[in-house]
Protein chains: 2
Amino acid sequence: MAQKETVERILDAAEVLFAERGFAETSLRTITSTAGVNLAAVNYHFGSKKALIQAVFERFLDPLVEDINYRLEKFSQDPESITVEALLRVLSASVYEVHGRNTNRATAFMRLLGLAYTQSQAHLRNYISEHYGEIFQRYGRLLKPALPGATAEDLFWHTHFALGTAIFTMSNFDALRAMAENDTGQRTPVNDIVDRLTTFMASGLSNASHD
Amino acid sequence: MAQKETVERILDAAEVLFAERGFAETSLRTITSTAGVNLAAVNYHFGSKKALIQAVFERFLDPLVEDINYRLEKFSQDPESITVEALLRVLSASVYEVHGRNTNRATAFMRLLGLAYTQSQAHLRNYISEHYGEIFQRYGRLLKPALPGATAEDLFWHTHFALGTAIFTMSNFDALRAMAENDTGQRTPVNDIVDRLTTFMASGLSNASHD
DNA sequence: ACCCATTGCAAACGTAAGTTTCAAACATCC
DNA sequence: GGATGTTTGAAACTTACGTTTGCAATGGGT
């Protein structure tokens, strides 16, 4: 059926282009011509550009959240095994596994997640916190006992610091990797970067108790 | 002289508005009407919107860099005193002190610095790395001996993680503070946030050596 | 074979933005 | 104090965008 194909092609093109340039900087004309469909197709199938942006996120996030929930479920059954680092690794593992270990797609979507925080798309932040707020809270509830001695304030600020580290790295993933290669002559493998990032966040988080 | 006044009023208005909404989201019409000057004044005095953006950064960054250089100079004379945390505190102290301990202006400009990384303004990133790349390198040279055992790769990635933490917190400073107040009922003082941030970055950085 | 809802397409519309224009107001220097 | 260069002001210009429109093509159900 032609419909499905058009919708998918738009989503594929939009995902890549948004990740490369950002939302506002990617015009519907660029998306539709890349996808090889008519300009009006976006408004016909999705209603608006905003709805297209949300659809791109939904297509990626829904399976991801389901997978993370599944992994956290297993964790909850053995509360003693919960450490900060293990919790962080749930996320990185899930992102990597859930879409067929496709590193390109994963890094592209990391950038999208970063942009979602970063670019002024209030509708998108609303959509995300509305649809995915629950899993955020669940994650927070698991994190709390892994950081004994941390007050609510400690927890809030340090999780957001860690979030910021991840978001920034995601948003600038390719740029950073290019800079690193320029700098050190080494092309750091993705897994290496994820490991370093996890270590960094875990040690920052673990020092969460203030003073 | 009317010229100086117009230029200053444009810069003042632009600094605040850019920090609030971002660069692309702030039109010249909004800037000029807020500043109480004619629409054409921006193009007359600065040449273009891009040049205005750069001028906003230049007005803030030039004194800041001078101050940071002065502080680093004193540091270099006593190499044994250089710790990661002390180096980080050079930056926060300088941002706070250099423009008259004006917390509002400092937080506004923090957001601008975040946006500079975050929003797609290639010209701005080029401008910054061209004009302020030297002090970056100087800072890196001081940081290196404070992190014994770290390879060049370690250093690159972990400093950029720390940078990301700071940038993200800066970019979303007001939003985060509002969320924290909502969450915990406490209105965290600026100095407190800076302290926590410094601690977080320092402990992440100090674990920089990879395995 | 025909009908009709769905989809595709080219073109136009409305809007908001950065920039340019050109005459008027102003300041400066001889 | 008049000529000259600088700054301001209102308006128009140009461009790019998201969206809408009207019509043609399509294809499955009766």
Side-chain angles (χ1 to χ4, degrees), chain A residues 1-57 59 112 115-116 119-127, chain B residues 1-57 59 112 115-116 119-127:
Chain A
M1 198 179 270
Q3 176 198 349
K4 192 87 177 249
E5 231 175 51
T6 300
V7 168
E8 289 295 315
R9 282 176 39 197
I10 291 174
L11 286 172
D12 289 342
E15 184 174 300
V16 172
L17 289 169
F18 283 152
E20 278 174 1
R21 323 181 179 185
F23 305 113
E25 295 79 2
T26 307
S27 71
L28 292 184
R29 284 169 174 82
T30 308
I31 294 172
T32 50
S33 72
T34 302
V37 305
N38 186 267
L39 168 61
V42 169
N43 283 280
Y44 176 75
H45 286 288
F46 296 95
S48 68
K49 185 179 181 181
K50 287 183 181 178
L52 168 62
I53 295 175
Q54 292 177 10
V56 169
F57 276 82
R59 184 174 68 149
L112 280 186
L115 295 180
Q119 302 214 341
S120 60
Q121 299 277 344
H123 71 96
L124 183 55
R125 274 193 295 273
N126 291 341
Y127 172 83
Chain B
M1 199 181 266
Q3 178 198 350
K4 192 83 176 258
E5 230 173 50
T6 300
V7 168
E8 289 294 317
R9 287 191 15 211
I10 291 173
L11 286 173
D12 289 342
E15 184 174 300
V16 172
L17 289 169
F18 284 151
E20 279 174 1
R21 324 179 178 187
F23 306 114
E25 295 80 1
T26 307
S27 71
L28 293 185
R29 285 169 174 82
T30 306
I31 294 171
T32 50
S33 69
T34 301
V37 303
N38 189 268
L39 168 61
V42 168
N43 282 281
Y44 177 75
H45 286 288
F46 297 95
S48 68
K49 186 180 180 179
K50 288 182 181 179
L52 168 62
I53 295 174
Q54 293 177 10
V56 168
F57 275 82
R59 184 174 66 149
L112 281 185
L115 294 179
Q119 303 214 338
S120 59
Q121 299 277 344
H123 71 97
L124 184 55
R125 275 193 294 275
N126 290 341
Y127 172 83

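Below, chain A is the first sequence line, B the second, and so on; all start at residue 1. All heavy atoms count here, side chains included; hydrogens, waters and symmetry mates do not.
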Chemist: Starting at atom CG of A/Leu39, determine the distance to atom P of D/dG22, rounded to an integer number of angstrom.
Modeler: 17 Å
Chemist: Among C/dG18, D/dT19, D/dA10, find the nucleotide with the atom closest to the side chain of A/Arg29.
Modeler: D/dT19
Chemist: Just N and O in the side chain of A/Thr6: are any of them under 4.0 Å from OP1 or OP2 of C/dG8?
Modeler: yes
Chemist: If the cut-off is 4.0 Å, is A/Asn43 near the phosphate of D/dT19, judged by side-chain N/O to OP1 or OP2?
Modeler: yes
Chemist: Just by distance, do the side chain of B/Arg21 and the backbone of B/Thr26 share a donor-acceptor pair under 3.5 Å?
Modeler: no
Chemist: For the residue pair A/Leu112 and A/Ala19, what are the closest heavy atoms and their distance?
Modeler: CD2-N, 3.6 Å
Chemist: With no hydrogens and no angle check, is any side-chain donor or acceptor of A/Gln119 less than 3.5 Å from a backbone partner on A/Phe23?
Modeler: yes
Chemist: Quick one: label B/Thr26 by what it contacts on the DNA or RNA (base, sugar-phosphate, nothing), any heavy atom closer than 4.0 Å.
Modeler: sugar-phosphate
Chemist: Between CG of A/Leu115 and CD of A/Glu20, what distance do you get to the nearest 0.5 Å?
Modeler: 11.5 Å
Chemist: Expressed in angstrom and rounded to an integer, what is the separation of B/Leu52 atom CG from C/dA17 atom P?
Modeler: 15 Å
Chemist: Would you kindly give the CD-to-C1' distance between A/Gln121 and D/dG18, to the nearest whole Å?
Modeler: 13 Å
Chemist: Rounded to whole angstroms, how far apart are CD1 on A/Ile31 and P on D/dG18?
Modeler: 8 Å
Chemist: Let me know the distance between CG of A/Leu17 and P of D/dC17, rounded to the nearest Å.
Modeler: 13 Å
Chemist: Can you tell me the distance, in whole Å, between the CZ atom of A/Phe46 and the P atom of D/dT19?
Modeler: 13 Å
Chemist: DNA chain D: A/Ala40 or A/Thr30, which has the more 5' nearest nucleotide?
Modeler: A/Thr30
Chemist: Is any side-chain nitrogen or oxygen of A/His45 closer than 4.0 Å to OP1 or OP2 of C/dT6?
Modeler: no
Chemist: Between C/dT6, C/dA17, D/dA11, which one does the side chain of A/Tyr44 approach most closely?
Modeler: C/dT6
Chemist: Is there a donor-acceptor contact under 3.5 Å from the side chain of A/Arg9 to the main chain of A/Val37?
Modeler: no
Chemist: Grab the CD-P distance between A/Glu25 and D/dA16 for me, whole Å please.
Modeler: 16 Å
Chemist: Between C/dT19 atom C1' and B/Asn38 atom CG, what is the distance in whole Å?
Modeler: 13 Å
